[in-house]
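Atoms considered below: every heavy atom in the structure, side chains included; atoms not considered: hydrogens, waters and symmetry mates.
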Amino acid sequence: MADTVLLLQQVCKSYAVGTPAETQVLFDIDLHLQQGEFAALIGPSGSGKSTLLNIIGLLDRPSGGQLIMTGQDTGNLDEARLTQLRGQAIGFVFQSHYLLTAFSATENVMMPMLMQNGRPDDRMRERAQYLLAEVGLKQWQDSLVGNMSGGQQQRVAIARALALNPPLILADEPTGNLDTKSTDAIFELMRKVNAEQHTTFLMVTHNMELAERCDRTIELVDGRIAPSISTST
């Protein structure tokens, strides 16, 4: 049986708690992701997707309920330990790449390792170059990312997300700024990583064609999760 990477039980989120403006945006969210699963998170604007993703990414705390990440109950962690767990357990891929355009592809992929260890070394560079080769950018490893296409930059972002070998990748509209050809290539790359490394993916998308190619679709409507839809064949 696959290991559970993420478990949410009765998670809710409210803002301006205790004031007349108190607003609840998430209601009793139950969700689990197993090792090696590739799931899509869909829903209309205002459904709570960004709030849920921030909570799963340990960037915000729920107002109630339980969030267990790789076996650790995050409700018992202080901010320092929460930050450490986020760095170890989660890789992020965004629609906007948030790359350092004045740095090379290799240097960008090294950044998470540098933040964890404090100073660069040969092992970090070798790891970064290995990952760039894995995402098809071996010959561009020393190129400035500012000179790369959008699809190439997103490949660098995926390599960066994998730098610390996290069990979970959160991909927030990773193909939103790409053309159809690049969208398909980036999606297939993520599925390749998922299959070969058993990395769990949760991908937020408005692209229903991509969602249908995921193992499972999680639909969020008005802050509540609709019954899960299996899309694997």
Side-chain angles (χ1 to χ4, degrees), residues 2-6 33-41 53 56-59 69-70 83-101 103-118 120-143 145 148-178 182-205 210 213-215:
D3 293 332
T4 297
V5 172
L6 174 73
L33 292 174
Q34 294 183 316
Q35 181 182 8
E37 191 170 7
F38 199 111
L41 177 62
L53 201 67
I56 293 173
L58 308 182
L59 298 168
M69 178 71 69
T70 60
T83 298
Q84 184 181 27
L85 178 60
R86 182 169 60 247
Q88 293 171 342
I90 307 170
F92 295 89
V93 181
F94 302 99
Q95 179 175 337
S96 298
H97 315 111
Y98 299 111
L99 299 172
L100 301 174
T101 57
F103 288 77
S104 71
T106 296
E107 289 166 337
N108 271 273
V109 177
M110 288 174 63
M111 288 298 170
M113 296 179 279
L114 184 60
M115 292 176 65
Q116 184 182 68
N117 297 299
D121 57 32
D122 290 341
R123 180 191 61 82
M124 294 182 197
R125 184 169 294 276
E126 290 171 1
R127 170 71 174 165
Q129 292 176 346
Y130 165 78
L131 289 170
L132 288 167
E134 287 292 293
V135 301
L137 292 178
K138 181 178 178 61
Q139 68 188 91
W140 290 281
Q141 64 184 22
D142 296 321
S143 299
V145 295
M148 293 180 169
S149 69
Q152 289 173 326
Q153 289 181 355
Q154 196 62 295
R155 287 173 180 267
V156 175
I158 292 170
R160 181 185 59 187
L162 295 169
L164 297 177
N165 196 30
L168 174 64
I169 297 290
L170 299 180
D172 189 4
E173 293 285 355
T175 63
N177 288 332
L178 302 179
S182 296
T183 290
D184 191 64
I186 291 299
F187 182 80
E188 288 302 321
L189 173 59
M190 292 191 296
R191 293 252 48 174
K192 176 176 178 286
V193 171
N194 164 249
E196 294 181 353
Q197 301 188 27
H198 306 292
T199 305
T200 302
F201 278 77
L202 179 62
M203 180 183 70
V204 177
T205 184
L210 292 186
R213 293 161 64 184
C214 297
D215 300 331

When you compare the side chain of [Y] with that of [X], does any pair of heavy atoms fall below 4.5 Å?
X    : Y    : result
V193 : E134 : no
V145 : E107 : no
P120 : R125 : no
M111 : F103 : yes
N177 : Q153 : no
V93  : I186 : no
T200 : Q34  : no
T70  : L168 : no

Ionic contact status for R191 with D215, cut-off 4.0 Å:
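Judged by the 4.0 Å cut-off on N to carboxylate O distance, D215 and R191 do form a salt bridge.
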Looking at every heavy atom in both [X] and [Y], which two are closest together, and how far apart are they?
X    : Y    : answer
M110 : A128 : CG-CB, 3.6 Å
M190 : A171 : SD-CB, 4.3 Å
V135 : R155 : O-NH1, 2.6 Å
Q197 : N165 : OE1-OD1, 3.9 Å
A89  : P167 : O-CD, 3.2 Å
T205 : A40  : CG2-CB, 4.4 Å

Say you draw a straight line from [atom1] of [X] to [atom2] of [Y]; how long is it, rounded to the nearest 0.5 Å?
X    : Y    : atom1 : atom2 : result
E173 : L178 : CD    : CG    : 11.0 Å
T4   : E37  : OG1   : CD    : 9.5 Å
R160 : L99  : CZ    : CG    : 4.5 Å
L131 : E126 : CG    : CD    : 12.0 Å
L33  : M69  : CG    : CE    : 9.0 Å
R213 : E188 : CZ    : CD    : 5.0 Å

Give a yes or no on whether the backbone of Q129 and the side-chain of T106 come within a donor-acceptor separation of less than 3.5 Å.
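Checked: no pair found.
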F92 vs F94 aromatic rings, parallel, tilted or perpendicular, using cut-offs 30° and 60°?
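The arrangement is parallel - the two ring planes meet at less than 30°.
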L41 pairs by side-chain contact (heavy atoms from CB on, under 4.5 Å) with which of L202, D172, L170?
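That would be L202; it is the only one of L202, D172, L170 passing the side-chain contact (heavy atoms from CB on, under 4.5 Å) with L41.
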Would you please indicate if the ring centroids of F201 and F187 are separated by under 6.0 Å?
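Ring centres of F187 and F201 not closer than 6.0 Å.
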Within a radius of less than 6.0 Å around NZ of K192, do more than 12 heavy atoms belonging to other residues, nucleotides or ligands occur?
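More than 12 within 6.0 Å, yes.
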